[in-house]
Amino acid sequence: MSKITAPKTPPGQAPKTYRVKNFGCQMNVYDGERMGEMLDGQGLSAAPEGEDADLVVLNTCHIRERAAEKIYSDIGRMTKGKTQEKAPMIAVAGCVAQAEGEEIMKRAPSVSMVVGPQAYHRLPDMLGKAVQGERVADTDMPAIAKFAALPARKRRSPTAFLTVQEGCDKFCTYCVVPYTRGAEISRPFDDLVAEAHTLVETGAREITLLGQNVNAWSGPDGAGAHQGLDGLIREIAKIPELQRIRYMTSHPNDFTPGLIAAHAEVDKLMPYLHLPVQAGSDRVLKAMNRNHTAGGYLRLLEQMREARPDMALSGDFIVGFPGETEAEFEETLQLVDEVRYAQAYSFKYSPRPGTPAATMDNQIPIEVMDDRLQRLQARINRDQRAFNDASIGKTCDVLIERKGKHDGQWLGKSPWLQSVWFEAEPDQAALGDMVRVEIAEAGPNSVQGVLRETVAV
Ligand code: SAH
Ligand code: SF4
Ligand code: F3S
């Protein structure tokens, strides 16, 4: 651990540059952007790539093992061998800050600020105190107050995240999110529509609506009528320059017929659904407190494919939940065989302090988890490759997100969230353009295509 016990800045002298390091989910990425915007508002600027920053914000994730330990080693690396004047001021934000704020303050004296995910709108105040040499922690959970207190959006990128819902009331027995992010809240309809407009005005052509349970979003619209996520999607789809809408992450129990229908009716809503299932065994799902069965999940996917036959599916899996037998694990493999995911994420079960599963009997040995993870990932990779191979010969819209390494090389996303590489002359392509690309080659994680035409917006 670091020996540095106070921030670099002499009292009264504020840091000039900052870097936000994001870990964890997209909601952390969104929060990281908003913290950056707040720091910009305080007169700081983002440190150029490769240069040390005066203030480093570690925006942490607590979802799986030793996330906290990683934070301490990161802090150690940033301060090791440095004099007090050379070491950066450090803020710990995100879900580890929420879960272990006090311990961080005790264990890492070089940390100046600890700020939870619902309290970061108070970052400017905290910074003012930290500059005076005070160490400050804020892990209150006022939830909605945060959004109201944040400055206006001013990011510039073709794709944008928009957090519409936060927190979780589901209490899956393995998961820390209900403890680190608090109860489910939905941001107000009008605020979200206004933020979507601002994002589009600053260049966004695709917006991904975010929430730990995004399809649980609900609230009254401007006229007072009750709306679900589909109502919000339909409203945002009216913004003319906005081309694409996505949403994540959904819970199988929060789908409404309206949201399923929106996939058939709203052209801008992309044919891609990330819907975690976690396991294929109903006994394991029950022990996880998922409140759905494997069969119910598969029926839901069928309805989705009826609404949108080309829907690409994605999921999350946990292997080695306490008590999971080999036969139960094989039910997960069967489910994967049935769904044929376009992509999916799989994790070894990680006991999280304070969650019910952490103290359950029959914790699974690590070698067994390693073996199951490998077998599951082999199938997922097989299906992802098959999905990519099946796109060869198709021509699809690609929204350009960034330049490639070589001159004239560009990277964008297909409607099904595949990364698409292609080449174009300088006058044929620019960031944020929608172009039509014919897919010519497929790899495990991306596809390559040939530019066919630029699509007029
Ligand atoms: N709200 C979403 C995502 C939650 S976190 C949902 O309900 O699905 C993202 C993923 O991390 C989860 O879907 C789950 O697969 C994984 N995860 C959560 N807690 C975990 C734990 N204790 N061990 C291993 N994986 C975990
Ligand atoms: Fe965690 Fe379950 Fe809530 Fe997802 S639904 S955030 S896995 S408790
Ligand atoms: Fe991690 Fe918190 Fe997201 S624990 S996954 S950063 S909600």
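Worth saying up front: this structure is predicted, and the values here are computed from it rather than measured. Numbering of residues begins at 1 and proceeds along the displayed sequence. When a ligand or atom number is given, it counts from 1 through the structure's own listing order.
Heavy-atom contacts of Lys348 reach the following atoms of ligand 1: 23 (N), 24 (C) (cutoff under 4.0 Å). Taking every heavy atom of Gln278 and a limit of under 4.0 angstrom, the matching atoms of ligand 1 come to 8 (O), 12 (C), 13 (O), 14 (C), 15 (O). Of all atoms in ligand 3, listed by their number and element, those nearer than 4.0 Å to a heavy atom of Cys95 are 2 (Fe), 4 (S), 6 (S), 7 (S). Close contacts of ligand 3 with Asn28, meaning ligand atoms under 4.0 Å from a residue heavy atom, involve 6 (S). The contact set between ligand 3 and Cys61, taken as ligand atoms under 4.0 Å from a residue heavy atom, comprises 1 (Fe), 4 (S), 5 (S), 6 (S). In the vicinity of Thr249, heavy-atom distances shorter than 4.0 Å reach the ligand 1 atoms 2 (C). Annotation for ligand 2: atoms under 4.0 Å from non-hydrogen atoms of Pro178 are 8 (S). Taking a cut-off of under 4.0 Å to the non-hydrogen atoms of Tyr349, the atoms of ligand 1 that pass are 23 (N), 24 (C). Set against the non-hydrogen atoms of Arg64, the atoms of ligand 1 under 4.0 Å away are 11 (O), 16 (C), 17 (N), 23 (N), 24 (C), 25 (N), 26 (C). Near Gln212, meaning under 4.0 Å from any of its heavy atoms, are these atoms of ligand 3: 7 (S). For ligand 1, the atoms closer than 4.0 angstrom to any heavy atom of Arg352 are 22 (N). Here is the list of ligand 1 atoms found below 4.0 Å of a heavy atom in Pro276: 8 (O), 13 (O).
Residue, atom and distance of the protein heavy atom nearest to atom 1 (Fe) of ligand 2 are Cys175 SG, 2.3 Å. Atom 4 (S) of ligand 3 has its closest protein heavy atom at His62 N, 3.2 Å. Closest protein heavy atom to atom 7 (S) of ligand 2: Tyr174 OH, 3.3 Å.
For Ile318, the closest heavy-atom approach to ligand 1 falls below 4.0 Å. Under the 4.0 angstrom criterion for non-hydrogen atoms, Lys170 is not in contact with ligand 1.
Minimum heavy-atom separation, Thr163 to Met27: CG2-CE, 3.5 Å. Nearest heavy atoms, Arg290 versus His251: O-CE1, 3.6 Å. In terms of heavy-atom proximity, Val420 sits nearest to Lys413 at CG2-C, 4.3 Å. Across every non-hydrogen atom of Leu335 and Ala294, the tightest pair is CD1-CB, 3.9 Å. The two residues Ala344 and Phe317 come nearest to each other via the heavy atoms CB-CE1, 4.1 Å.
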(message) Using side chain to side chain donor-acceptor pair (under 3.5 Å), reason through Asp316 and His274 one step at a time and then give a plain yes or no.
(response) CA-CA 8 Å; Asp316 286 349; His274 179 67; 3.2 Å; yes

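At a cut-off of 3.5 Å, with distance as the only test, a side-chain donor of Asn59 or Asn22 sits close to an acceptor on the other residue. Inspection of the Tyr345 and Gln343 side chains reveals an N or O donor paired with an N or O acceptor under 3.5 Å. Of the N and O atoms on the side chains of Asn388 and Gln418, at least one donor lies less than 3.5 Å from an acceptor on the other residue. Donor-acceptor pairing under 3.5 Å is lacking for the side chains of Gln165 and Ser186.
Taking 2.8 Å as the threshold, Cys168 counts as a candidate ligand of atom 3 (Fe) of ligand 2, since one of its N, O or S atoms lies below it. Checking Cys25 against atom 1 (Fe) of ligand 3, every N/O/S atom stays at or beyond the 2.8 Å cut-off.
Ring geometry for Tyr297 against Tyr341 counts as tilted: the plane angle lies between 30° and 60°, on a 0 to 90° scale. Using bins of under 30°, 30° to 60° and over 60° for the plane-to-plane angle, the ring pair His263/Tyr247 lands in the tilted bin.
Within 6.0 Å of CD in Glu102 there are 12 or fewer heavy atoms belonging to other residues, nucleotides or ligands.
Contacts with ligand 1 closer than 4.0 Å are made by heavy atoms of both the backbone and the side chain of Tyr174. Contacts between Arg290 and ligand 1 below 4.0 angstrom, taking non-hydrogen atoms only, involve the side chain exclusively.
For a threshold of 3.5 Å applied to N or O pairs, the pair formed by Asp316 and ligand 1 contains at least one separation below that value.
Under the 4.0 angstrom criterion, atom 4 (C) of ligand 1 counts as lacking any protein heavy-atom contact.
Under a cutoff of 6.0 Å and an axis angle of 45°, Arg34 and Tyr120 do not form a cation-pi pair.
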